2 protein chains.
Amino acid sequence: MSSSPSSGTISGAIGGDPPRRRQARSAATREALLDAALSEFAAHGFEGASTRSIAAAAGTHQPQINYHFESKDELWRAAVDHLFAQLDAAVTRHLRAMPAPTDQRERFACSVRAFVRAAAELPELNRIMVQEATIDSDRLTWIVRHHTRHRFEALTAEWHRLRSDGAVADIDDVVLYYSLVGAASLPYVNAPEARLLGHDTLDRGFIDAHADALVTLFLGEAVR
Amino acid sequence: MSSSPSSGTISGAIGGDPPRRRQARSAATREALLDAALSEFAAHGFEGASTRSIAAAAGTHQPQINYHFESKDELWRAAVDHLFAQLDAAVTRHLRAMPAPTDQRERFACSVRAFVRAAAELPELNRIMVQEATIDSDRLTWIVRHHTRHRFEALTAEWHRLRSDGAVADIDDVVLYYSLVGAASLPYVNAPEARLLGHDTLDRGFIDAHADALVTLFLGEAVR
DNA sequence: GTCTATAATTAGATAGAC
DNA sequence: GTCTATCTAATTATAGAC
């Protein structure tokens, strides 16, 4: 709104860029910080991840974090929001790529397969969840309120319906929730350990075998 | 071996205590540091846990860590060794408390139940594992070499035998390993989240239902 | 908006008295 | 063996030039 853009010079200071350019670069910096924050928080935990290394991984400088986000804490919240949005998008995409289910049990099977594939694509999500769910904190309270409670309630309610109909084994809803999420996510959360043990859990063949196995285990042989 | 113990005075400096007392207190400090280290590392991760808070939780001072252990890193190793020893002890204890299995499949079922109970008793173990298995590091290499590789190989080999005999579902060994460990541990790793969701996964009733459910899921209805 | 420089705090580790 | 005091380096956050 104020400066006189002596454009042309691309290198050096950005003070001379037109407002459009500035905004584009600002948005890019923000995005890069979010992505870098996700890997760093997933790898080292909130307290173990430093804002310096996040900024470095994003190709910018540390004070940018306090400019684009108010604090390390706010950066974490924004990154987690971003990650759950990616989860929803991935699950929806995988569901759309499957033949439409014909009954409730098949629908649950599709959800399981879609969740397994999304968990493999986004290991950061379950890594962050498992690090935060481990001890009471403001971050845990926030994540439960904003992201996990409604997912937990939707999944347990769906299982409860199947159970009432006698369509599945008689297993408690909460037991089912944690067993399923744990079984679906650990191969990807612990992928670096699996590699040291000589196995590539991020291989397409593994992911498909894993998804099939969970459907068989939780819903029985009958579901395709 | 050297000093002249002017015993009697209990309070104040311990310089006057006899050698026996000194040794006993030293061992107690070491133990307290190990226990405190476990909860702090499990709660905040290696990098997030501070030696100051560990020492405070152990009721002693921070430099004691460098005296009793060489460094924060060595303290971590000692704590993890201690924890896996506790795991073996817990599993053995739970196995002994069960009726002896009569065939290989029942033996696997007993192992599953014993592991679930041990996982509930020692949530720190799987919390630390999941934090360390998430990214390559010297600590991960060390923990795989010293603690998880032989457990992984024993469990996958046992499943492989059952599978060859047609006694269980045809599920890949590695898929089975991570699905089972994930399903068995997440309710206890994430116990604080479960509490916020209104459920106490550390309740005896939950643990038993969980163990029964996993036996049903992985081995079928037939196994008691 | 982005940068450099720096303030204020906290980290792990060490020195030395007792 | 345990304590207090302290060193060096790293942390998050802020100030101010451009």
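Letters A, B, ... mirror the listed sequences (proteins, then strands); counts begin at 1. Predicted, not measured: the structure shown is a model, and the values here were computed from it.
Near-neighbour residues of DNA chain D inside residues 29-49 of chain A, defined by a heavy atom below 4.0 Å, number-ordered: A/Ala49.
Aromatic ring centres of A/His210 and A/Tyr188: separated by under 6.0 Å. In this structure, B/Trp159 has its ring center at least 6.0 angstrom away from the ring center of B/Tyr177.
For the pair A/Ile54 CD1 and D/dT11 P, the computed distance is 11 Å after rounding to whole Å. Per the geometry, CD belonging to B/Glu74 stands 10 Å off P belonging to C/dA13, to the nearest Å. In this structure, the CD1 atom of B/Ile65 is 15 Å from the P atom of D/dT4, given to the nearest Å. For A/Asp73 and D/dT11, the CG to C1' distance is 15 Å, given to the nearest whole Å. We find that CG of A/Asn66 is positioned 6 Å from P of D/dT14, with the value rounded to whole Å. Here C/dA13 presents its C1' atom at 14 Å from CG of B/Leu75, a figure rounded to the nearest Å.
Among the nucleotides C/dT14, C/dC3, C/dA11, the one closest to any side-chain atom of A/Thr60 is C/dC3. Which of D/dC3, C/dT2, C/dG12 sits closest to the side chain of A/Gln64 comes down to C/dT2. Comparing C/dT2, D/dG1, D/dA13 by their closest approach to the side chain of B/Tyr67 singles out D/dG1. Among the nucleotides D/dA13, D/dT4, D/dT2, the one closest to any side-chain atom of B/Pro63 is D/dT4. Residue B/Ser26 has its side chain nearest to D/dT2 when only C/dA13, D/dT2, C/dT2 are considered. Among D/dA13, C/dT14, D/dT6, the nucleotide with an atom closest to any side-chain atom of A/Gln62 is D/dA13. Nearest nucleotide to the side chain of B/His61, out of D/dC3, C/dC3, C/dG1: D/dC3.
Sequence order on DNA chain D of the closest nucleotides to A/Lys72 and B/Gln23 puts B/Gln23 first from the 5' end.
No side-chain donor-acceptor contact under 3.5 Å links B/Glu193 to the backbone of A/Val144. Side chain of A/Lys72 to backbone of A/Phe46: a donor-acceptor contact under 3.5 angstrom is found.
Ring planes of B/Trp142 and B/His147: perpendicular class, angle over 60° (limits at 30 and 60°).
B/Arg20 has no side-chain polar atom (N or O) that falls below the 4.0 Å cut-off from OP1 or OP2 of D/dG1. Residue B/Arg22 places no side-chain N or O under 4.0 Å from the OP1 or OP2 atom of C/dC18.
Atom-to-atom distance recorded for B/Glu40:CD and B/Leu75:CG is 10.5 Å, nearest 0.5 angstrom. With rounding to the nearest 0.5 angstrom, the SG atom of A/Cys110 is 13.5 Å from the CZ atom of A/Arg96.
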